[in-house]
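What follows is one structure encoded as structure tokens, with my remarks underneath.
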There are 2 protein chains.
Amino acid sequence: MATIQEVAKYAGVSVATVSRVINTPDKVKKHTQFKVENAIKELNYEPSVLGRSLRTSQSKLLLVLLPNVSNPFYAKIINGIQDKAIAFGYNILLCETDSDPDREVIYFNMIKNKLADGIISMDPTVNKKKLIELSNEYPIVQCSEYTKDKTLPFVTIDSKQAAYQAVKHLIKLGHKKIGLINFDKKFLYASERYSGYEKALKEFNLEITDDWIYNTKHLNFESGQQAMRVLLDQIDRPSAVFAVSDVLAVGALKELHIKQLGVPEEMALIGFDNIEFSNVVYPPLTTVAQPMYEMGAISAQMLMSKIKGEEVESRFLEHQLIIRETT
Amino acid sequence: MATIQEVAKYAGVSVATVSRVINTPDKVKKHTQFKVENAIKELNYEPSVLGRSLRTSQSKLLLVLLPNVSNPFYAKIINGIQDKAIAFGYNILLCETDSDPDREVIYFNMIKNKLADGIISMDPTVNKKKLIELSNEYPIVQCSEYTKDKTLPFVTIDSKQAAYQAVKHLIKLGHKKIGLINFDKKFLYASERYSGYEKALKEFNLEITDDWIYNTKHLNFESGQQAMRVLLDQIDRPSAVFAVSDVLAVGALKELHIKQLGVPEEMALIGFDNIEFSNVVYPPLTTVAQPMYEMGAISAQMLMSKIKGEEVESRFLEHQLIIRETT
DNA sequence: GTGAAAGCGCTAACAG
DNA sequence: CTGTTAGCGCTTTCAC
């Protein structure tokens, strides 16, 4: 790769002029500009982002932290982020953290080192303190997950309310024995969806039965299937189950097929997220839709505002109950 | 963020010594080391990757290019890459290109600019020329996709042979009318799987019927569903279908459910990849398994060898026919 | 309009 | 063992 020096020499000008041609062409005589542009083309020169970043402290790169890429939930959000980012001349880098604090630190360092201009975090707040600390100095926005004390700007949905509605839907259908397949409560949404579940049951004077609640360790099909297996093993078992994630619900559905139970007659099931897959399984899954693309787009927008130094306001987006055939 | 100068001043040593403490602590007296380490802690100092990269031309970062994150096929590969990379002290950055040459260029520049030490590309060779050109100067490995002329090291499977086996499986089951749901042939695997399909039919003297072949524009459920819809609309329609990707197959399966066709009695179906979904749908999908995790791990291993300047050899990994309940 | 020179944060050769 | 210094590639005053 040619450097700016070589271009300068080739064009018979100073490096400063080359830099000007690239960044502020108006400040350069047409003729000089032409010479330089020719040299650039001739030498196949491309400015070094490294040198530039070191100097200007900006990289036009955005970091997106996510627990893992295998959950399709994130894919749609990423689309939203990407489209917005590109429109503003930014590019995004996806960072899979596996919810591992050590991994997070590495990516945090990238922003400290000016390798990235901002972060959109979808991680649960494992490093909550560090994240907040970081946000005092650098532009950071949370997406989906958020910190309750509102120190960090976020865009998410009202998980409690959404879960409440989902469970209420089950109750309205006549179910009195409602199970819950939940995920690790270190995810704020998991604990909030639990609250919504609790609220709905209480409101209708249904008792909370611990045996009907299963918290999975992982967020994948197997865990959902395993959870349903346990739930079905009860002598007195629920007639409907609310899973806090479609991935879990789909896994649960598989177990229902294996046990040859009629859905929704023998067991009703409702998921959460409305990932594409939820509408492809058989029978199509009733679920609570999150506006994933929009969440991504808005968080990107917010991040760009923060980068510009503007104040931003956190947002709760609308969710929507989508009734299909498992309830 | 404190700089190395501040640390040096605080510790009462030169910047060189600070640098030594960080990079080659053995070359420093224990006492000095202690002073410096204390200063580092005190000032909360972390070395700037930027400054270091500019100087050493290495970033310990690997770029992974992929068309899009929504295909679960990539998730498993990424796991493999990640585990290997971390073991070698590297971190990975995921770059979603949407198969857009312009997007690719941006990420290509990252390596030119020493922001990354190497690239694992899972993109179809849109920028084939540029990629090859780049690989002369920088460590690049292809994963899953590959260039036929073998100028670039790759790890993949024998798609033609795998497709051949899949279709043969269908034929052995007595099917004579076999449809194909294929993807855009700019993906090498798509054209190879077509060849395998062709080879199997020819071997058993079955005619290739253009009406039974549908090439999708996108790789998602809807496209698969749409493809199956078209296939079913024929007056003389196939009794079995081979889809070159599980995502497509799962979409096709949905259409079969909608039309209430018995699977596999009225329509047999076989997919490709063995993504987790394929075993969760109902009925579980027969498919050709790719060793995704291994593909990722090996390509990461290869890339690291390349970075060290070693010669590497491309590899074809083993696939495996997994017979479940759709055939 | 243009050039010279300083400096972003770091490492490595050289000298002591 | 440690310090001095040059320089990675770029942008941006400050002169001219």
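Every value quoted in this text rests on a predicted model; they were computed, and no experiment measured them. Every chain is numbered from 1 and lettered A, B, ... according to where its sequence line falls, protein lines coming before strand lines. Below, each value reflects all heavy atoms present in this structure, side chains not excepted, and no hydrogens, waters or symmetry copies.
The NZ atom of B:K9 sits 13 Å away from the P atom of D:dT4 (whole-angstrom rounding). At whole-Å resolution of the value, CD1 in B:I40 and C1' in C:dG9 are 14 Å apart. Rounded to whole Å, atom C1' of D:dC1 lies 19 Å from atom CZ of B:F34. For the pair A:I4 CD1 and C:dA4 P, the interatomic distance rounds to 14 Å; values are reported in whole Å. A straight line from NZ of A:K112 to P of C:dC10 spans 13 Å, rounded to a whole angstrom. Counting to the nearest Å, the C1' atom of C:dG7 and the CD atom of B:Q5 are 10 Å from each other. Atom CG in B:L115 sits about 13 Å away from atom C1' in D:dC8, given to the nearest Å. Between the CD atom of B:Q33 and the C1' atom of D:dC1 there is a distance of 12 Å, rounded to whole Å.
Between the side chains of A:T24 and A:D26, no donor-acceptor pair is found at a separation under 3.5 Å. For the residue pair A:D123 / A:S121, no side-chain donor-acceptor distance below 3.5 Å is found, with atom types taken as modelled. Inspection of the A:E192 and A:Y146 side chains reveals an N or O donor paired with an N or O acceptor under 3.5 Å.
One axis for each end of the helix from C:dG1-D:dC16 to C:dG16-D:dC1, each built from five base pairs, and the angle between them comes to 40° at 10° resolution.
Considering only side-chain atoms of B:T32, the nucleotide from C:dC8, D:dG7, D:dC1 that sits closest is D:dC1. Closest approach to the B:R55 side chain among D:dT11, C:dG9, D:dG9 is made by C:dG9 (side chain taken as heavy atoms from C-beta onward).
Proximity of B:R52 to the phosphate of C:dG9: no side-chain N or O atom is located under 4.0 Å from OP1 or OP2.
Comparing B:K27 and B:T56 against DNA chain D, the residue whose closest nucleotide sits nearer the 5' end is B:K27.
Contacts between residues 10-24 of chain A and DNA chain D, defined by a heavy-atom separation below 4.0 Å, involve A:A16, A:S19, A:R20, A:N23, listed by number.
Here the side chain of B:E6 pairs a donor or acceptor atom with the backbone of B:T3 at under 3.5 angstrom.
Salt-bridge check for B:R103 with B:D98: passed, with a basic side-chain N closer than 4.0 Å to an acidic carboxylate O. Under the 4.0 Å criterion applied to side-chain N and carboxylate O atoms, B:K60 and B:D117 are not assigned as salt-bridge partners.
Nucleic acid contact for A:L50: none, since no nucleic acid atom lies under 4.0 Å from a heavy atom of the residue.
A cation-pi arrangement, defined by a distance under 6.0 Å to the six-membered ring centre and an angle within 45 degrees of its axis, is absent between B:K76 and B:Y293.
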Pairs of donor and acceptor atoms involving the side chains of residues 8-17 of chain A, under 3.5 Å and at least two apart or interchain, shall be tabulated with distances.
unit_1: A:S14; atom_1: OG; unit_2: A:A16; atom_2: N; d: 3.3
unit_1: A:S14; atom_1: OG; unit_2: A:T17; atom_2: N; d: 3.3
unit_1: A:S14; atom_1: OG; unit_2: A:T17; atom_2: OG1; d: 3.3

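For B:Y90 and B:F88, the ring centers sit 6.0 Å or farther from each other.
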